[in-house]
There are 2 protein chains.
Amino acid sequence: MHLTPEQLAAFDRDGYLFFPSLFSPQETQSLLDAVPELYSRREAYNVREKGSDAVRTNFAAHLVSEPFARLARHPRMVEPVMELFDEEVYMHQFKINGKMAFEGDVWQWHQDYGTWLNDDQMPTERAMNVAIFLDDVNEYNGPLMFIPGSHKKGVVDAKHDLTTTSYPLWTVDNALIAQLVERAGGRRGGIVSPKGPAGSMILFHSCLVHASTSNLSPWNRVSVYLSLCAVSNHIRRFKRPEYIAHRDFTPIACLPDDCLVKPYPVDVPWKDGMPASALQTSSVPFADTRQAA
Amino acid sequence: MHLTPEQLAAFDRDGYLFFPSLFSPQETQSLLDAVPELYSRREAYNVREKGSDAVRTNFAAHLVSEPFARLARHPRMVEPVMELFDEEVYMHQFKINGKMAFEGDVWQWHQDYGTWLNDDQMPTERAMNVAIFLDDVNEYNGPLMFIPGSHKKGVVDAKHDLTTTSYPLWTVDNALIAQLVERAGGRRGGIVSPKGPAGSMILFHSCLVHASTSNLSPWNRVSVYLSLCAVSNHIRRFKRPEYIAHRDFTPIACLPDDCLVKPYPVDVPWKDGMPASALQTSSVPFADTRQAA
């Protein structure tokens with residue numbers, strides 16, 4: 001799969017690309033079937049909604065579950081990102097966001113790269129967000145909303161919101177959001193919201209400002225969100241636990257295109273539990289640690 | 001304005017009717033201009049969002065503000081309701097719901113008639129909800145969602161939710177919502193969400209199950225929600241304050257069709273403040289009170 005010149009231009013202008021039905025129902029189902037067992041685990045990597053047992057975010061499923069380990073190496077996902085960066089990539093984050101029927105709470109307006117810079121000391125924006133729908137996404141189950149072109153602003157001011165939801169987030173100020181939406185076309189295109197069947201994929205720039213509302217519908221909206229970082233752009237400190245921000249910078253080696261429907265062998269090192277080291281953190285950049293040693 | 005046989009059939013089947021752009025931009029603006037002064041009043045009738053100064057619901061504006069007093073007597077709104085009930089109507093509730101940009105919180109799934117029955121002892125469902133958009137409503141600013149046909153179920157079980165938002169609400173159980181949505185067509189029409197320009201109007205049955213998500217967009221979604229009750233169906237007790245559930249059962253006398261653009265005289269008895277009596281409540285049906293006297 002190669003990106004067309006039109007796709008490259010659209011990504012540069014808008015900050016995202018949408019690929020409806022990129023994965024087949026059978027491929028998607030193999031992933032969806034593995035979710036309940038993952039969510040049932042009482043591990044730090046399952047963050048639950050405020051005052052509820054519903055999972056808001058599951059981290060690092062690609063280290064625990066074989067179907068997700070295969071997705072993490074899928075050429076239909078990884079190759080376009082390598083093409084955009086003209087470099088190999090590693091897995092920086094791997095999340096399954098529940099946004100469960102009736103329970104799924106809002107995600108306030110934010111950029112992802114701000115966190116990666118501030119917390120993880122990732123040097124530049126050369127990391128890509130990928131969203132893969134495991135359920136159909138419609139206007140009622142809390143779809144992602146983007147402000148097209150907002151990635152052109154680079155990292156914008158944000159404040160650390162610790163109270164709105166169960167997950168702390170660096171959120172962007174309302175006045176700036178209003179300004180960015182106006183600049184992007186206001187009521188005519190200032191906010192967009194790609195919707196489509198399970199198996200659809202969105203690539204979006206790590207500085208693209210995005211949000212999603214709560215899900216009051218009876219339809220789950222489970223999505224995989226992962227972040228592929230150019231290898232040369234790997235993070236420089238381990239301030240966040242390893243299950244959130246990964247520490248293995250090995251370039252991803254893709255599996256064949258049919259890897260979600262055939263049982264290619266794949267490594268799932270946390271299958272029987274997360275190592276204690278995954279919880280260890282340090283606020284000191286590790287380059288400095290090496291010098292000190 | 002007379003309803004067509006198709007409209008009457010649609011209302012019976014779906015439980016709502018949508019009238020896009022029923023009021024002109026000039027008419028809508030006369031109302032919108034009066035909102036900030038209303039919201040600025042520190043009165044019990046302004047209920048604010050949890051942890052915020054934004055107004056969630058303003059009650060009884062038709063007793064305080066001339067433009068809203070005229071809207072309360074507008075033939076384009078009142079006549080179709082009288083036609084549906086084949087009877088004169090009085091104003092049971094008059095709300096302006098803020099759903100303000102960035103701040104507007106969810107309204108969980110609920111029916112209105114359940115509250116009117118349980119709290120106000122309104123004998124039957126012969127009361128109509130009317131929504132009038134004062135701002136454009138789009139998929140991003142928390143539009144109303146309906147489950148078509150759910151009014152046919154009559155009053156369904158509900159529990160009193162006192163914690164989710166700043167406004168207590170009798171909300172419907174998730175399993176029942178899922179069932180009603182499935183029955184209404186599931187992913188093909190099981191939830192609908194009329195959207196359109198400011199000045200649009202929705203009439204919806206007092207048993208129609210409805211909800212709305214939060215408003216994360218930079219666009220206010222101010223709407224007037226009012227309830228017109230058939231005069232013979234007036235409430236039988238005053239358990240809620242008068243600014244919420246009105247006690248004047250006089251039939252509405254309509255003004256001329258141009259009443260939002262010409263200054264017809266109209267009475268606004270609470271203009272200079274709400275009388276103390278509006279806060280007095282009683283859990284005893286007033287028929288009984290009379291017998292006891």
Side-chain angles (χ1 to χ4, degrees), chain A residues 50-52 54 99-110 135-147 161 163-165 171-184 186-193 195 197-198 209-220, chain B residues 50-52 54 99-110 135-147 161 163-165 171-184 186-193 195 197-198 209-220:
Chain A
K50 236 178 181 173
S52 151
K99 187 74 78 172
M100 301 306 274
F102 300 115
E103 307 274 358
D105 205 350
V106 303
W107 288 85
Q108 312 94 295
W109 291 106
H110 68 285
D135 287 302
D136 297 350
V137 175
N138 58 43
E139 69 181 278
Y140 305 111
N141 61 358
L144 269 176
M145 302 186 287
F146 298 129
I147 305 175
D161 182 343
T163 58
T164 304
T165 73
T171 61
V172 180
D173 175 68
N174 292 346
L176 182 54
I177 293 296
Q179 211 178 87
L180 291 170
V181 170
E182 205 45 51
R183 186 173 150 273
R187 287 170 196 272
R188 284 171 304 282
I191 301 178
V192 297
S193 179
K195 292 173 281 285
V209 178
H210 59 289
S212 67
T213 63
S214 45
N215 180 7
L216 294 181
S217 85
W219 304 306
N220 291 340
Chain B
K50 238 177 178 174
S52 150
K99 186 75 77 172
M100 301 305 275
F102 301 115
E103 307 274 0
D105 205 349
V106 302
W107 289 86
Q108 313 94 299
W109 292 105
H110 68 285
D135 287 302
D136 296 350
V137 175
N138 58 42
E139 69 180 279
Y140 305 111
N141 61 358
L144 268 176
M145 302 186 287
F146 298 130
I147 305 176
D161 182 343
T163 59
T164 305
T165 73
T171 62
V172 181
D173 175 68
N174 293 345
L176 181 54
I177 294 297
Q179 212 179 86
L180 291 170
V181 170
E182 204 46 51
R183 185 172 151 274
R187 288 169 194 273
R188 284 172 304 283
I191 301 178
V192 297
S193 179
K195 294 174 278 288
V209 178
H210 59 288
S212 66
T213 62
S214 44
N215 181 5
L216 294 180
S217 85
W219 304 306
N220 292 339

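Here the structure is a predicted model, which means the values were calculated and not measured. Per chain, numbering begins at 1; letters A, B, ... match sequence-line order.
Chain B forms the most heavy-atom pairs under 4.5 Å with one residue out of G51(A), A211(A), S193(A), and that residue is S193(A). Ranking N138(A), N215(A), V181(A) against chain B, the residue ahead of the rest is V181(A), based on heavy-atom pairs under 4.5 Å. When the candidates E103(A), R187(A), E139(A) are compared by the number of heavy-atom contacts under 4.5 Å with chain B, R187(A) comes out ahead. Options S217(A), G190(A), A178(A) differ in how many heavy-atom pairs under 4.5 Å they form with chain B, and the most are formed by A178(A).
Side chain of W109(A) to backbone of F102(B): no donor-acceptor contact under 3.5 angstrom is found.
Side chains of P218(A) and I191(B) form a contact here, defined as non-hydrogen atoms less than 4.5 Å apart. Using a 4.5 Å heavy-atom threshold, the side chains of M145(A) and L216(B) count as touching.
Interface residue K195(A): only side-chain heavy atoms are found under 4.5 Å from chain B.
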